[in-house]
Number of protein chains: 2
Amino acid sequence: MNIDRRSGCPINLSLEVFGDRWSLIILRDMIFGGRRHFRELLNFSLEGIASNILADRLKRLMALGLLTKADDPSHKQKAIYSLTEMAITLVPIMAQLGAWGRVWLPVTEELSIRAELLEKGGPPLWEQFMDELRHEHLGAPSRTPPGAPTVRQQLRAAYEAVVERKAEELRHIKTEA
Amino acid sequence: MNIDRRSGCPINLSLEVFGDRWSLIILRDMIFGGRRHFRELLNFSLEGIASNILADRLKRLMALGLLTKADDPSHKQKAIYSLTEMAITLVPIMAQLGAWGRVWLPVTEELSIRAELLEKGGPPLWEQFMDELRHEHLGAPSRTPPGAPTVRQQLRAAYEAVVERKAEELRHIKTEA
DNA sequence: TGCAACTGATTGCAAAATGCAATTGGATTG
DNA sequence: CAATCCAATTGCATTTTGCAATCAGTTGCA
């Protein structure tokens with residue numbers, strides 16, 4: 001894929017992974033939105049990613065070791081994408097990025113709910129969320145007691161409706177234009 | 001400049017600021033390398049940025065409110081670039097990015113020294129460093145007692161020699177090729 | 001005074017990345 | 001058996017990137 005290696009600096013190498021306009025968006029939707037399928041990522045993308053870009057980035061993220069792909073047993077054509085540990089440990093970066101954006105950029109209030117929650121919960125919440133992701137994506141044993149509200153539920157509750165409405169609007173605009 | 005606004009999501013908006021291969025590299029060199037002039041950024045860039053890209057990104061970062069430019073009183077042509085508070089508060093993101101890169105990417109040991117120091121020092125060290133940056137770039141009063149070693153000094157000590165050697169090599173390769 | 005070196009850029013141009021629209025071949029649903 | 005859904009792929013125009021060369025003004029030095 002991309003074996004630039006302009007330098008061995010950690011920040012530079014991280015940038016060679018995320019220094020584009022889509023990779024981190026896809027990971028955001030998988031991590032926080034719980035998207036696992038191509039169509040989910042395509043149709044519920046707030047930013048309206050194109051299918052060829054999505055296909056390219058999924059391939060790239062797999063090559064980089066951030067995602068894995070498996071057949072969905074319920075549907076022979078469906079592929080299910082999973083986060084690797086490498087991707088799951090991006091949660092703190094996402095949280096910091098969200099916190100910074102909330103302060104300095106013209107964010108929409110309704111879309112900042114997740115960032116706010118992550119910021120308030122701090123590292124302990126991030127850790128719990130990462131455990132949940134390990135459970136969902138890597139089959140690791142869950143450390144959350146059954147019945148207790150998951151971070152995922154908290155993150156989704158207020159957010160999902162907004163995202164789906166927005167994505168709906170976006171599709172509507174596209175089809176009628 | 002770039003008024004995409006694909007969505008008001010904090011992570012997306014942050015990505016619209018840093019979602020390219022150079023902006024954060026320039027900020028890294030200003031924050032951690034202490035670069036303040038065009039030529040410094042150009043000649044001591046580990047990754048070998050081109051002058052037109054550098055000029056473009058400096059302009060863009062100014063438009064976005066991350067940098068300011070002032071005349072250098074010692075030299076009528078020299079411009080001196082300063083970090084704004086908006087840029088200074090990127091330190092935690094840089095630290096997280098460096099920490100993540102150190103774990104998951106093929107970083108060079110000698111270039112990871114800074115990331116390691118930031119990781120070990122944790123948020124308190126980041127805060128001290130940010131204060132130093134405010135002192136240097138915004139003229140804020142210094143909270144470090146005079147004589148005490150600054151974070152900047154610790155960060156640079158082991159690093160600067162490496163960077164300058166590398167940059168030297170890079171220039172050498174370019175001129176002889 | 002004259003000239004080389006240095007200042008922060010700008011220009012021209014080729015290559016690569018991006019993104020939209022349409023389409024593909026196979027699977028599933030009704 | 002037709003319509004729909006699946007994960008992509010293709011074609012193509014636009015945009016971005018990045019290298020090389022160049023620029024005009026400033027400075028340092030002889």
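Chain naming here is simple, since letters A, B, ... match the order of the sequence lines and numbering starts at 1 in each. Because the structure is predicted, anything quoted here is derived from the model rather than measured.
Nearest to the side-chain atoms of A:Lys78 among the listed nucleotides C:dA9, D:dA7, D:dA8 stands D:dA7. If you check C:dG12, C:dA27, C:dG19 against the side chain of A:Ala50, the one that comes closest is C:dG19. Of the candidate nucleotides C:dT18, C:dA22, D:dG18, C:dT18 has the atom nearest to the side chain of A:Ile53.
Ranked by how close their nearest DNA chain D nucleotide is to the 5' end, B:Asp20 and A:Arg39 are led by A:Arg39. Comparing A:His75 and A:Arg57 by the nucleotide of DNA chain C that holds the closest heavy atom to each, the one mapping nearer the 5' end is A:Arg57. Both A:Ser74 and A:Trp22 lie near DNA chain C, and the one whose nearest nucleotide falls closer to the 5' end is A:Trp22.
Checked for salt-bridge contact, B:Asp20 and B:Arg57 meet the test: a charged N lies under 4.0 Å from a carboxylate O. Under a 4.0 Å N-O distance rule, the pair A:Glu136/A:Arg152 qualifies as a salt bridge.
A straight line from CD1 of A:Ile49 to P of C:dA17 spans 16 Å, rounded to a whole angstrom. Note: CG (A:Asp56) to P (D:dT10) measures 13 Å, nearest angstrom. Atom CD1 in B:Ile26 sits about 13 Å away from atom C1' in D:dT17, given to the nearest Å. Straight-line distance from the CG atom of A:Leu41 to the P atom of D:dA7: 9 Å, rounded to whole Å. Computed from coordinates, the A:Glu40 CD to D:dC6 C1' distance equals 13 Å when rounded to whole Å. The distance from atom CG of B:Leu61 to atom P of C:dA9 is 13 Å, rounded to the nearest whole Å.
Judged by distance alone, the side chains of B:Ser14 and A:Trp100 never bring a donor and an acceptor atom under 3.5 Å apart.
In this structure, A:Lys59 reaches the D:dT9 phosphate: one of its side-chain N or O atoms is under 4.0 Å from OP1 or OP2. Contact annotation: A:Arg21 side-chain N/O to C:dT18 OP1/OP2 distance is not under 4.0 Å. Put simply, A:Lys69 has a side-chain N or O that comes within less than 4.0 Å of OP1 or OP2 on D:dA8.
Between B:His137 and B:Arg36, some side-chain heavy-atom pair lies under the 4.5 Å cut-off. Side-chain contact check for B:Met130 versus B:Pro92: some heavy-atom pair is nearer than 4.5 Å.
Contact annotation: side chain of B:Gln77 to base of D:dG25, donor-acceptor pair present below 3.5 Å.
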